[in-house]
Amino acid sequence: MRVLWVKAPLLLRRHPPVLAAVVLSISLAALAAAAVPLVRAGVESESLNGQLRSMSPLAAGFEIRVEGGRPGGDGARRAAAVRLGRSVRFLGEPVLSSLTTGGIQVSGSAAPGFAVVPLARTGAIAHVKHVTPQAGPGVWIADSMAKVTHLRPGGTLRLTIQGFISRPRVVALPIAGIYHTLEADRDNPYWANWQQDIRNPDPDSSPPPPFVLMDEGSLQRIASGLSPFVENRLEFPVDPRRLSFADAQRLQHRFRELRRQLFAPDSAVGSTLGCRPRVCETSSSLNAALTIASTDVASVTPTITLLSAIGLVIAFGLCVAAGLFLVRRRADEAHVLFVRGEAAAVFAARAGLEALLPTLFGLGAGLGIAVLALRSLAPAGTVTGGIVGGSAARAAVAAAAGLICVAVGAGAAFPRRTGEHERRRHLTRIPWEVVPLVIAAVLLGLVMSGHGVAHDSTGASHPRLAVFLVPVFAVAGIGGLAVRLLRRGLAQRGGNAPPEVFFALRRIAAARGLLVAVIVAAATAFGTFACATILSSSLNRSVAEKSFVANGSDVQGLVDPLVRVNKPFPFPVALVEIDDSYATFTTGERVDVIAGDPRALERTIRWGDGWSDDPRKLLPKVASYTGAGLAAIATPGARVSDAIIEQGARIPIHVVGHAPVPGSTAGRPALLVSRAALHRIARKAKILDPAPLATGYLWAKGDPHTIVPVLETSELAPAYLTTVAHIYDDASVGAARRSYRYVTVIGAAAAVMSLVALLLYLQARQRSQLIASALVARMGLSRRRDVAAVALEAGSIVLLAGAVGAAVATAVAAPIAHHVDALPLYAPSPTLIVPWTALALGLAAAVLAGAVFGAITVAVASRSDVAEALRVA
Amino acid sequence: MSRDGTRFTGVRRVYRSAAGSVEALHAADGAFAPGAIGALVGPSGSGKSTLLRVLGGIDAADAGTVTVDGIDVRRLRGAALRRFRRESVGFLAQRAAANLVPQLTLREQLGPNGLEQAGRVGLSHRIDAIASALSGGEQARAALAVGLSRGTPVILLDEPTAELDRHAAALVIAELRTAAADGRTVIVATHDAELVALADARLELTLPTIAVPHAQHVRRTSDEPIIVLEHVTKSYAGAAVVGDASLDVRAGELAVLLGRSGSGKSTLLMAAGGWLSPDHGTVRTPGPRWHETAHLAQRFGLIPELSVAENVGLPLRLRGSTDDAFVAHVLEQLGLAELHARLPEETSIGQQQRTALARALADRPSALLADEPTSHQDTASAALVWHALDAACAEGTACLVATHDEAASRHADRVWRIEDGHIVD
């Protein structure tokens, strides 16, 4: 009927729940799709702003150096610089500097020949720490210079230039004050571009000459009187407050244009600023800031993309559900049209038209929320037209896909001739649970064959979407099977149970259609939450174990393998030597031999409470071993023989146990032995100890902030001191941790939504059974028992869903955890950690919430007008 | 119009569910000539609706041949099947609302010459009302008008007069007669004797056996009134639905409140049941509890998750007592014994209605209020219903039955007629 098409665009006004479902689903799809470019832009801008703040506006800005010109004071040059600064967006007023570049020294003081650099710089006096107050007009000298030359404010600074063989010229300047030497004022952003003029990168070299700060007139006098070379510098600061990443890229591009402009033969500005005919240099650190920001973005992009993909999967699922819901709400209409010969595809197409305006509204809402969220959370100026355009395009594509999903859902739910299954009985006999289980099996196979992690351009690894979809599909399939089993198990049970238990059992046993969908959705949500929580806990444990195994203890340093501790430290320290070159098992397999003092190692090695295979427990056996050969702790899984071949000598081995051995490497067996015992045997076997190419390590236990300064100045002279933070801060760990955290949040949110879905289902059921409830109340079912029955039913459903979800998630997470190693190069292998307490508490909270929701639905339904329901029947 | 009539042989249809398989149709054979009115009759649950759905291409038969207007329906697939439903058959479901698009006006749903059709069923004044705003009776007539106006050569109707009063039913029957006269084949599943009498051909579908008892129970009517309504008045939105109505029913008495659709009988019954408070007047019953005053409403209020037997035994269970023998007896009495393990949705609507009646009787109530207890029953099943009510009265229950069925008066000790909310007789 044509009229149906005409009325379709506004039809969903009559079905507010469907309208809301479509708008919300499309909003989520648009939000998820828009998130990638928007969040990338936010991270880029956030990172860039952080870099710019640490660099200072002057360092990130544009700098022009002109050699051999006149000192400042040239009005035309100043005006041209200001005009140039104003012509480029985000650049501020320039800071002008002039300095002499060679051979100026102090004359006639306590330190004649003391080299200085006269400098006139805009605002320089205001940007140094004053040691003395200003004593009239004149120049400012550094305190380091004052200490050597004994010059004081009120005195006279006499400057000359070296190399005058005849009568030297002298320029005398009054001294106005003393400033704190800039070398000790490292973090002063005003001097960020002058670091190489302030301190020498080679610590063995003498520091550069200090600046004598003066006005341009004084510098002019020095230039005229002593004729030195003069260098002019123009620094254009960047205002980082409203600078987005895209702006910074444009600014960088503009800097390149400026450079070409300055060097162009006919450039007026180049001529005015002194770039021609003299040499001119330009520089900016903005590019470095952009590079660092890009690296930061690369590290979070996989997580954002993953989240976006998960969000889209959920949103499209909701869109299909909205389409199903649309038909369910309008079952009569669908039946009428089916009976009149309408095709499911036509109905689906019209459902799409009906959902078009809500889709556009949802698109606007989702995109708007994303942009507003970014505007409020990210630095100002992050959201540019281009970024919004890109996000809008992605959101529009996602919304269109969502709209198609709504139509597909509606088409799927459109009535069909019943009994058709006779012709495809072999298909209808297959339970629907087989489909998600097969998908889960395929995905699990992918993960276990090494496709669970991906590597980005920075080399960091991160979990793929498949890792998180495995529990989703596995729980969905097994959840469905569990409901089938439960239905069978409860079908005839509870005949003599109290009414509330009887009703609860019967209702669960009769679960069909929508209730099964709610149970499976709740199980899937809780399973996703549980799986992400398990993976997250396993990651934390694995990273901690790997950190302490790789780092030995809290602090590790490289030392000469021959050094010994002669003076005790106020914290536990152990020295070890690692031979990873000359030792093999008798089978020929390479083995690392790690030798140290067992008692020192027992004190120094850090091992967390509750971690399995504590190597410290085995160390006393190593220490007390008196038999032949070496007592050793072997790494887990090492195929140990009864001896090793070290430098050609056969050394018997007695393995006291297996445990992760600090200093070992992933994929290589290692033996931890007593260094003293190794030394004795080496002497007997006439082999070198330490072995050639052996590496010496120092491990220390305690607060790194306290330990590191002590070790740095100790006679052991350790190099490359590292702490466990080096591993904790690894980009792969960060990416995995973020992914698990976000998926945990998604799972928790989905669990909450499934509880809300359960609430809505129960509410709808209570409403549809209003008359039945009223009649049953007349039969003697008290309100309390009615509430208890529904609460028991709801709580049991949540318990079932949660238990199935957690059990399947745990089973699925076990193989996954071993194949999504964030740090595959570090030993030991990942450990599966199931946070039972957290999961049990979460489940208990969900069961309680479900029971409360159930009770609420009864309370709400009891307010309904039964008489009205009977009247309209 | 219809060229080749409708023929079917050996039609079998089995519904499978968790409770097991239900054979709704077993080797049904029949034929209706073009331009004839054919009636499918038989007890509730005998497969009348299923056969109509098979003929209409809505349900697929498991076995047999089905030819409608020369088309082999079982072989149709996809576009051909949709074309068949669109052009060859019109199907009107039992529930009137399920035949109309709720958001469209009647005018928008009518086919060619539909306005004239709507006028003939008395809906000219409602032509621009949207379907969902029509009353139940109006929806039934509107559905007929829409169905007939589509001009299909075959029209299939499921209980078109079940919930209509005689006046409205007469309009419907007249229209069906006109359609047949125009050469269209009209096939009706019905319990309506008048409609069956009109039919050119009858096909009787049967259940294995339904024992219809003939013996009347001996009622011991006392003088003590159990249900008393005095000067009851009730208005909705300012419109009086019941005005100054008084009646009483004594213990062991079967009283019938007879009236057309919308006459106020259900409202009066709800007032008697304590579901609503009258604006004026007094109501006296043994009490609100189920064993005091049981209620059979038009919406049965069965618990869908409980089996037929569990629904019937529920009042006893909730009172903390059991009487499995009596529950079994009531199920047997109402022809439900073999259905005891099924869920309500796995039974026909008539069987659900009888289940609800069995539940009302299970706790031997002092008073029973029954609203249209035979509206979904065929003649044989209706006899079971009256027999069960008769038995309850014989045990002392005061039964007040609201119905539009004139035949009910045959079973009643007393009859009150109600018109426009007033008891007139």
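So that the names make sense, note that chain A is the first sequence line, chain B the second, and so on, each numbered from 1.
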Does a side-chain heavy-atom distance below 4.5 Å link [X] with [Y]?
X	Y	answer
Glu305(B)	Arg765(A)	yes
Gln103(B)	Arg330(A)	yes
Arg95(B)	Asp332(A)	yes

Under a 4.0 Å threshold between the charged nitrogen and the carboxylate oxygen, would Arg778(A) count as salt-bridged to Glu292(B)?
no
Quick one: do Arg82(B) and Glu342(A) make a salt bridge, cutoff under 4.0 Å?
no
Does any heavy atom of chain B fall under 4.5 Å from the side chain of [X], the backbone, both, or neither of them?
X	value
Arg340(A)	both
Phe502(A)	side chain
Ile508(A)	neither

Contact summary for [X] and [Y], nearest pair of heavy atoms:
X	Y	result
Val336(A)	Leu100(B)	CG2-N, 3.4 Å
Phe300(B)	Leu775(A)	O-CD1, 3.6 Å
Val339(A)	Arg85(B)	O-CB, 3.3 Å

As an exercise: rank Arg86(B), Arg83(B), Arg317(B) by heavy-atom pairs under 4.5 Å with chain A and give me the winner.
Arg317(B)
I need the residue from Glu87(B), Glu310(B), His291(B) with the largest number of non-hydrogen atom pairs under 4.5 Å to chain A.
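Option with the top pair count is Glu310(B).
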Atom CZ in Arg507(A), atom CD1 in Ile303(B): separation rounded to 0.5 Å?
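Nearest 0.5 Å value for the CZ-CD1 distance: 6.0 Å.
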Please determine, among Ala331(A), Gly780(A), Ala343(A), the option with the most heavy-atom pairs under 4.5 Å with chain B.
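Top count of heavy-atom pairs under 4.5 Å with chain B: Ala343(A).
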